[in-house]
2 protein chains.
Amino acid sequence: MKMRHKTEILTIAGELFSERGYHGTSMRELGRALDMKSASLYSHVKSKEELLWEIINHTANRFLEHARSVPVDISPEQQIASLSRGHLELIAQNLHYATVFFHEWKYLEAPLHDRIKAQSEEYEAFFYRAIEQGVQQGAFHITDIHLAVRFVLSSLNWTYQWFEPEGDLSLERLAEHYIALILNALTGEP
Amino acid sequence: MKMRHKTEILTIAGELFSERGYHGTSMRELGRALDMKSASLYSHVKSKEELLWEIINHTANRFLEHARSVPVDISPEQQIASLSRGHLELIAQNLHYATVFFHEWKYLEAPLHDRIKAQSEEYEAFFYRAIEQGVQQGAFHITDIHLAVRFVLSSLNWTYQWFEPEGDLSLERLAEHYIALILNALTGEP
DNA sequence: CCTACCGATCGGTAGG
DNA sequence: CCTACCGATCGGTAGG
């Protein structure tokens, strides 16, 4: 009859949702993983969707927090490097949450879905402005900044699909190589 | 009482699975979208998972077919360009199937899962060999080819998450810009 | 945190 | 392709 904290429930929910999907995980399975009855979960959350929302919203906030912490008075290259490194670290160090975030956010109901969408756009704007600065300063050679933002974020996001925290490839090495590839892509002559 | 073809069922299943997920779509919903009872679906397929398998296997085969059709006696740059263009075309022109492929393949049962995994590795090898050739010829400056393959495929794969076939951005323009960014990334000085 | 339970829905089958 | 139906499971509530 030991009491659970909400964060403990969210952690296990993140594991199960990332492995089997939100719709593929039942409250009974989650209860079983926590050694409690599914009915007891409802004293911590008011619905299954609340679990999904908390995982996704928490992750979105962490992405935004990091982006806001990147200085804007460093070079565009350094901004892109810092944004990219933070992005990869967040994914690699919170693989379950990141997987749920990327994989399941579209299953949130409309108002919540829209809030995440707005946060994503705010987040992308940090990449946009860094690349824009780089173009203005002549460091980057990009004719479609929006497309370049998509390209950079695509290469970073997909990491959740294959990265193994216990594998041979360290996060440091991954980040170093990816940042080099991204900066090459942005600076290359047209 | 009009008869349905299996491809028609698969097309609608692809739409529903891509929008609501495999676990989030019921056979009754699929039947409703096809104007038939869910029980009747079982004269076409033996299980819900067969629908998922056919969509994913068909998509995997099309990816492989294109990769095999790319000549190996053209320059590494041209090989990467052709592989990338084909990849983007396949996603953009089969957005529902591609979404199901990327999003739901992990929900296949182990033996089917393994077959798709093997096909994915075979597919990645085409990118690997093209980049390897480019490195040997001095055109690409890459120290970790596996990581470069991941990077390239990541940037391409994520397209299914945001591309709108009816939107302002044409497939041609997308492919042109992405190929330039990818080749920049691979050729850039270290 | 539990037991007991609700109506709804699930994938799938029998038999025509 | 249909009607009728199966046992299992779903998210969630009542009441303690």
Side-chain angles (χ1 to χ4, degrees), chain A residues 1-57 96 100 103-113, chain B residues 1-57 96 100 103-113:
Chain A
M1 213 174 285
K2 72 176 150 171
M3 279 282 187
R4 301 292 185 170
H5 289 100
K6 193 164 180 178
T7 52
E8 201 178 348
I9 294 171
L10 287 170
T11 299
I12 306 297
E15 282 181 31
L16 294 182
F17 289 175
S18 75
E19 280 164 19
R20 316 173 192 191
Y22 173 65
H23 291 300
T25 305
S26 71
M27 293 298 268
R28 280 164 183 79
E29 285 172 328
L30 177 56
R32 209 174 301 131
L34 284 156
D35 260 319
M36 62 198 289
K37 296 294 171 183
S38 66
S40 307
L41 292 167
Y42 289 92
S43 57
H44 293 91
V45 290
K46 67 173 218 305
S47 68
K48 188 184 176 186
E49 198 188 18
E50 186 183 316
L51 289 168
L52 181 61
W53 165 252
E54 299 239 7
I55 290 168
I56 289 175
N57 190 43
H96 297 305
V100 175
H103 225 83
E104 315 283 346
W105 77 283
K106 63 178 177 177
Y107 301 128
L108 288 171
E109 299 210 333
L112 301 179
H113 187 277
Chain B
M1 212 174 288
K2 74 176 151 172
M3 277 284 187
R4 302 290 183 170
H5 288 100
K6 193 164 180 178
T7 52
E8 203 178 344
I9 294 172
L10 287 170
T11 299
I12 305 297
E15 282 180 33
L16 294 183
F17 289 174
S18 75
E19 282 163 18
R20 316 175 191 189
Y22 173 66
H23 291 300
T25 306
S26 71
M27 293 298 268
R28 281 164 183 78
E29 285 172 327
L30 177 57
R32 209 174 301 130
L34 284 157
D35 260 320
M36 62 198 288
K37 297 293 173 183
S38 66
S40 307
L41 291 168
Y42 289 93
S43 58
H44 293 91
V45 290
K46 67 173 219 303
S47 68
K48 187 186 178 188
E49 197 188 17
E50 186 184 315
L51 288 168
L52 181 61
W53 165 251
E54 299 238 7
I55 290 169
I56 290 176
N57 190 43
H96 297 305
V100 175
H103 224 84
E104 315 284 345
W105 79 282
K106 64 178 175 176
Y107 302 128
L108 287 170
E109 299 210 332
L112 301 178
H113 187 276

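Proteins get letters first, then strands, A, B, ... in listed order; numbering begins at 1 in each.
- Atom CZ of A:Arg20 is separated from atom C1' of D:dC10 by 15 Å (rounded to the nearest Å).
- Between the CZ atom of B:Arg4 and the P atom of D:dC1 there is a distance of 7 Å, given to the nearest Å.
- Across every non-hydrogen atom of B:Val100 and B:Ser18, the tightest pair is CG2-N, 3.6 Å.
- Residues A:Ile56 and A:Trp105 share a closest heavy-atom pair of CD1-CA, 3.4 Å.
- In this entry the distance linking CE of B:Met36 with C1' of D:dC2 reads 10 Å, nearest Å.
- The nearest pair of heavy atoms linking B:Gly14 to B:His96 is O-CB, 3.6 Å.
- The shortest distance between the side-chain N/O atoms of B:Ser40 and the OP1/OP2 oxygens of D:dC2 is below 4.0 Å.
- Stem regions for DNA chain D, each three or more consecutive Watson-Crick or G-U pairs with both distances under 3.5 Å and listed by first number, read C:1-16 with D:1-16.
- Judged by distance alone, the side chain of B:His113 and the main-chain N or O of B:Tyr107 form no donor-acceptor pair under 3.5 Å.
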Contact state string [nucleotides 11-16 of chain C, B base, S sugar-phosphate only, - no protein heavy atom under 4.0 Å]: BBB---
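- At least one donor-acceptor pair under 3.5 Å links the side chain of B:Tyr22 to the backbone N or O of B:Glu49.
- Under the 4.5 Å side-chain criterion, counting only non-hydrogen atoms from C-beta, B:Leu30 is in contact with B:Leu51.
- Atoms CG (B:Leu34) and P (D:dC1) sit 8 Å apart, rounded to a whole Å.
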Which side-chain N or O atoms in residues 36-44 of chain A pair as donor and acceptor under 3.5 Å with protein atoms at least two apart or in another chain?
from    : atom 1 : to      : atom 2 : distance (Å)
A:Ser43 : OG     : A:Ser40 : O      : 2.7
A:His44 : NE2    : A:Arg4  : O      : 3.1

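- A donor-acceptor pair under 3.5 Å is formed between the side chain of B:Lys48 and the backbone N or O of B:Thr25.
- Between B:Leu30 atom CG and C:dT9 atom C1' there is a gap of 16 Å when expressed in whole angstrom units.
- Nucleotide C:dC6 holds its C1' atom 18 Å from the NZ atom of A:Lys37, rounded to whole Å.
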